[in-house]
A.B. asks: 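Sharing a structure, written as structure tokens. Questions coming.
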Amino acid sequence: MSAAAYDVVVIGGGPAGYPAAIRAAQNKLTVVCVDQWQNFDGSYAFGGTCLNAGCIPSKALLESSELFHRARHEFATHGIQIGEVKLDLAGMQKRRASIVKTMTGGILALFKSAGVVGLQGHGRVLKGNHVEITAPDGSKTVVVAKDVILASGSTPVRLKSVPHDGKFIVDSWNALEFDTVPARLGVIGAGVIGLELGSVWRRLGSEVTVLEATDQFLSVADQTIAKEAQRHFKKQGLDIRLGATVLNASVDGTAVNVAFRDAKGEHTAQFDKLVVAVGRRPFTDGLFAEDTGVKLDARGFIEVDAHCRTGVPHLWAVGDVVRGPMLAHKGKEEGIMVADLIAGLFGEVNYKVIPSVIYTAPEIAWVGLTEEQVKAGGRPYKVGTFPFAASGRARAMEAAQGMAKIISAVDDDEILGIHVIGPMAGELIGEAVLALEYSASTEDLQRTIHAHPTLSEAIHEAALAVDKRAIDSINR
Ligand SMILES: Cc1cc2nc3c(=O)[nH]c(=O)nc-3n(C[C@H](O)[C@H](O)[C@H](O)COP(=O)(O)OP(=O)(O)OC[C@H]3O[C@@H](n4cnc5c(N)ncnc54)[C@H](O)[C@@H]3O)c2cc1C
């Protein structure tokens with residue numbers, strides 16, 4: 001064993017860990033970031049779940065499958081006649097893999113330029129902020145760090161009664177790398193990941209059945225938006241069964257048999273592939289020695305305070321492995337905050353203003369409180385909505401579906417929540433995030449000029465509609 005000393009060691013090079021490492025280096029600290037991610041082909045890569053098996057590959061396939069769908073079903077409406085549109089799934093997957101490779105390789109370039117030492121291997125915290133690093137060849141090194149940041153992320157939840165085999169019963173990562181379009185695809189879980197994956201394969205030709213145990217569709221979202229989304233997904237042919245609890249599943253030859261129960265009783269269904277998308281759990285396997293003093297909560301998250309301190313001096317934890325929404329941008333901000341705090345600078349994450357996006361078509365995005373949350377809080381509120389059917393730009397894009405919705409306080413006009421379902425909702429929400437970050441009033445948005453014709457006018461008009469002063473739609 002040899003020893004080296006660094007100011008900061010970051011364990012995990014996903015969207016929480018790698019920005020922490022880069023910011024620490026920008027703060028003139030010496031930094032090593034160790035990551036153990038290994039792809040199906042055995043190669044190692046930085047970027048964690050997000051870049052290798054989550055945000056980026058899923059968005060690559062969502063984009064390609066949406067274009068395929070549009071070429072088949074929408075081009076004629078634009079007056080574009082093309083021949084038979086054929087799917088080249090191998091080509092589509094090659095593009096997905098190449099984007100992932102470019103993005104993950106980019107992290108190495110960023111590390112090099114910032115002066116971060118990137119190491120492949122397993123990191124384990126020992127008492128006194130020593131970190132044992134086991135390289136892929138099994139050799140061990142101990143690094144001494146002034147501060148250690150744990151950013152080990154999360155992993156898919158597996159169901160005992162639905163045994164994962166990686167071939168027929170799969171997780172979200174496997175489902176991004178299918179080399180054929182399953183004729184019948186079952187998805188357990190109508191959350192963000194289940195809906196995005198279901199959308200990809202539905203557009204590419206699968207018959208998709210989504211089995212969701214809860215009775216309410218997208219309970220995390222504003223229910224006006226959720227209802228609108230459910231209507232669109234149904235029209236797209238996604239068969240979403242609410243209140244459907246999966247009892248068990250087993251592989252029989254090349255098919256998966258699933259037993260589930262709903263309000264009408266017990267049923268069976270057969271699929272060619274079954275994706276389990278019931279959530280993710282924090283990943284801490286082999287992350288720290290028992291005597292380090294790191295505490296896990298009842299759900300396995302590393303316990304931290306609002307500034308991501310674990311309670312053990314100079315030991316921090318960020319990203320999916322700690323409480324809060326499991327989102328790449330939340331982890332990134334926590335990583336940056338911690339790297340700044342370590343350097344003695346100001347650091348803060350505004351947990352009240354974290355945007356959520358579902359990259360289906362139409363997209364769904366929101367920030368702040370839902371109408372249900374505002375109602376439960378008891379503060380008098382007002383609501384304005386604007387339908388994309390009244391947006392010239394959305395019409396021109398042949399994407400005039402959905403709406404923007406703004407919820408504001410009656411007493412001081414503060415904007416409490418902004419919700420969008422419609423074209424490019426994930427991009428539109430940026431303005432909403434800024435508005436909430438700056439504690440904007442509805443009037444602030446009303447008096448802000450929005451270019452015409454743009455989708456962003458929907459946010460402007462929704463703000464006007466809050467006070468029944470919309471121009472381009474009927475005020476109700
Ligand atoms: C299909 C899918 C789609 C998603 N889409 C989005 C999206 O559109 N937008 C969004 O915001 N979020 C999305 N997410 C969630 C997002 O991927 C996570 O929130 C994000 O990756 C969490 O970042 P992290 O750095 O905390 O953890 P991770 O990305 O999981 O990275 C942790 C890294 O640490 C490594 N590691 C773990 N333990 C050790 C150890 N002991 N030693 C060394 N290395 C270790 C892991 O191998 C991994 O590389 C998606 C997730 C999935 C599965």
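Ligands are counted one by one from 1 in listed order, and the atoms in each one are counted from 1 as well. Hydrogens, waters and symmetry mates play no part in the numbers below; they use all other heavy atoms, side chains included.
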A.B. asks: Considering only non-hydrogen protein atoms, determine which one is nearest to atom 36 (N) of ligand 1 and report residue, atom name and distance to 0.1 Å.
C.D. replies: Gln36 CG, 3.8 Å
A.B. asks: What part of Phe283 sits under 4.0 Å from ligand 1 if we count only heavy atoms: the side chain, the backbone, both or neither?
C.D. replies: side chain
A.B. asks: Looking at ligand 1, is there an atom of it that comes within less than 4.0 Å of some heavy atom belonging to Gly331?
C.D. replies: no
A.B. asks: Which of these, Gly54, Pro15, Cys50, has its nearest heavy atom closest to atom 17 (O) of ligand 1?
C.D. replies: Cys50
A.B. asks: Hey, is Lys330 touching ligand 1 through its side chain, its backbone, both or neither, going by heavy atoms under 4.0 Å?
C.D. replies: neither
A.B. asks: Which atoms of ligand 1 sit under 4.0 Å from any heavy atom of Gly121?
C.D. replies: 42 (N), 43 (C)
A.B. asks: Among all the protein's non-hydrogen atoms, which is closest to atom 15 (C) of ligand 1, and how far away is it?
C.D. replies: Met326 O, 3.8 Å
A.B. asks: Measure the spacing between CZ of Arg96 and OG of Ser65 and express it to the nearest 0.5 Å.
C.D. replies: 13.0 Å
A.B. asks: Regarding Asp147 and His314, is there a side-chain donor-to-acceptor distance under 3.5 Å anywhere?
C.D. replies: yes
A.B. asks: Report, in ascending order of atom number, the atoms of ligand 1 lying under 4.0 Å from any heavy atom of Leu287.
C.D. replies: 41 (N)
A.B. asks: Would you mind running through ligand 1 and noting each atom that sits below 4.0 Å from a heavy atom of Gly153?
C.D. replies: 26 (O), 27 (O), 28 (P), 30 (O), 32 (C)
A.B. asks: Specify side chain, backbone, both or neither for Arg280, according to which of its non-hydrogen atoms lie closer than 4.0 Å to ligand 1.
C.D. replies: side chain
A.B. asks: Take the angle between the ring planes of Trp37 and Trp173 and call it parallel below 30°, perpendicular above 60°, tilted in between.
C.D. replies: tilted
A.B. asks: Please round to the nearest 0.5 Å and tell me the distance separating atom CD of Gln36 and atom CD of Gln120.
C.D. replies: 10.5 Å
A.B. asks: N/O of Ser58 under 3.5 Å from N/O of ligand 1, yes or no?
C.D. replies: no
A.B. asks: Would you call Arg184-Asp272 a salt bridge at under 4.0 Å N-O?
C.D. replies: yes
A.B. asks: So is Lys273 actually on top of Phe178's ring, under 6.0 Å and inside 45° of the axis?
C.D. replies: yes
A.B. asks: Have a look at ligand 1 and work out which part of Tyr359, if any, has a heavy atom under 4.0 Å from it: side chain, backbone, both or neither.
C.D. replies: side chain
A.B. asks: Measure the distance from atom 13 (C) of ligand 1 to every protein heavy atom, then report the residue, atom name and distance (to 0.1 Å) of the closest one.
C.D. replies: Cys55 SG, 3.3 Å
A.B. asks: Find all atoms of ligand 1 within a distance of less than 4.0 Å from any non-hydrogen atom belonging to Ser154, and give their numbers and elements.
C.D. replies: 30 (O)
A.B. asks: Can you check which of Ile11, Ile354, Asp35 brings a heavy atom nearest to atom 49 (O) of ligand 1?
C.D. replies: Asp35
A.B. asks: Are Pro325 and ligand 1 in contact, using a heavy-atom cut-off of under 4.0 Å?
C.D. replies: no
A.B. asks: Is the closest basic N to carboxylate O distance between Lys28 and Asp7 below 4.0 Å?
C.D. replies: no
A.B. asks: Indicate yes or no for a side-chain donor-acceptor contact from Gln373 to the backbone of Thr370 under 3.5 Å, with no hydrogens or angles considered.
C.D. replies: yes
A.B. asks: May I ask you to decide whether Lys405 forms a salt bridge with Glu371, counting only side-chain N to carboxylate O separations under 4.0 Å?
C.D. replies: yes
A.B. asks: Numbering the atoms of ligand 1 from 1, which are under 4.0 Å from a heavy atom of Trp37?
C.D. replies: 47 (O), 48 (C), 49 (O)
A.B. asks: Within a reach of under 6.0 Å around NZ of Lys330, are more than 12 heavy atoms found that belong to other residues, nucleotides or ligands?
C.D. replies: yes
A.B. asks: Tell me: protein heavy atom nearest atom 26 (O) of ligand 1, and distance?
C.D. replies: Asp320 N, 2.9 Å
A.B. asks: Using a heavy-atom cut-off of under 4.0 Å, does the side chain or the backbone of Ile193 touch ligand 1, or both, or neither?
C.D. replies: side chain
A.B. asks: With heavy-atom distances below 4.0 Å as the criterion, list the atoms of ligand 1 near Val34.
C.D. replies: 43 (C), 44 (N)
A.B. asks: Output yes when Asp297 and Arg323 qualify as a salt bridge under the 4.0 Å nitrogen-oxygen rule, no when they do not.
C.D. replies: no
A.B. asks: With a 4.0 Å cut-off on heavy atoms, does Lys59 reach ligand 1?
C.D. replies: yes
A.B. asks: Geometry only, no angles: is Ser172 polar-contacting ligand 1 at N/O separations under 3.5 Å?
C.D. replies: no
A.B. asks: Identify, for atom 25 (O) of ligand 1, the protein heavy atom at the shortest distance, and state residue, atom and that distance.
C.D. replies: Ala16 N, 2.9 Å
A.B. asks: Gly319 heavy atoms, cut-off 4.0 Å: which ligand 1 atoms fall inside?
C.D. replies: 26 (O)
A.B. asks: Under 3.5 Å, is there a donor on one side chain and an acceptor on the other for Gln236 and His232?
C.D. replies: no
A.B. asks: Quick one: do Arg241 and Glu212 make a salt bridge, cutoff under 4.0 Å?
C.D. replies: no
A.B. asks: Ignoring hydrogens and geometry, is there a side-chain-to-backbone donor-acceptor pair from Asp239 to Val210 under 3.5 Å?
C.D. replies: no
A.B. asks: Quick check for you: to the nearest 0.5 Å, what is the distance between Glu63 atom CD and Tyr359 atom OH?
C.D. replies: 11.5 Å
A.B. asks: Once rounded to the nearest 0.5 Å, what's the spacing between atom CH2 of Trp316 and atom CD1 of Ile302?
C.D. replies: 14.0 Å
A.B. asks: Among Ala151, Ser152, Gly12, Ala328, whose heavy atom sits nearest atom 38 (N) of ligand 1?
C.D. replies: Ser152
A.B. asks: Between Asp285 and ligand 1, is there a nitrogen or oxygen pair with a distance under 3.5 Å?
C.D. replies: no
A.B. asks: Hey, does Val321 sit under 4.0 Å from ligand 1 if you only count heavy atoms?
C.D. replies: no
A.B. asks: Could an N or O of ligand 1 be found under 3.5 Å from any N or O of Gly123, whether backbone or side chain?
C.D. replies: yes
A.B. asks: Side chain, backbone, both or neither: which part of Ala53 comes within less than 4.0 Å of ligand 1 when only heavy atoms are counted?
C.D. replies: backbone
A.B. asks: Which atoms of ligand 1 sit under 4.0 Å from any heavy atom of Gly48?
C.D. replies: 29 (O), 31 (O), 48 (C), 49 (O)
A.B. asks: Return the minimal non-hydrogen interatomic distance between Glu334 and Tyr351, and the atom names on each side.
C.D. replies: OE2-OH, 2.5 Å
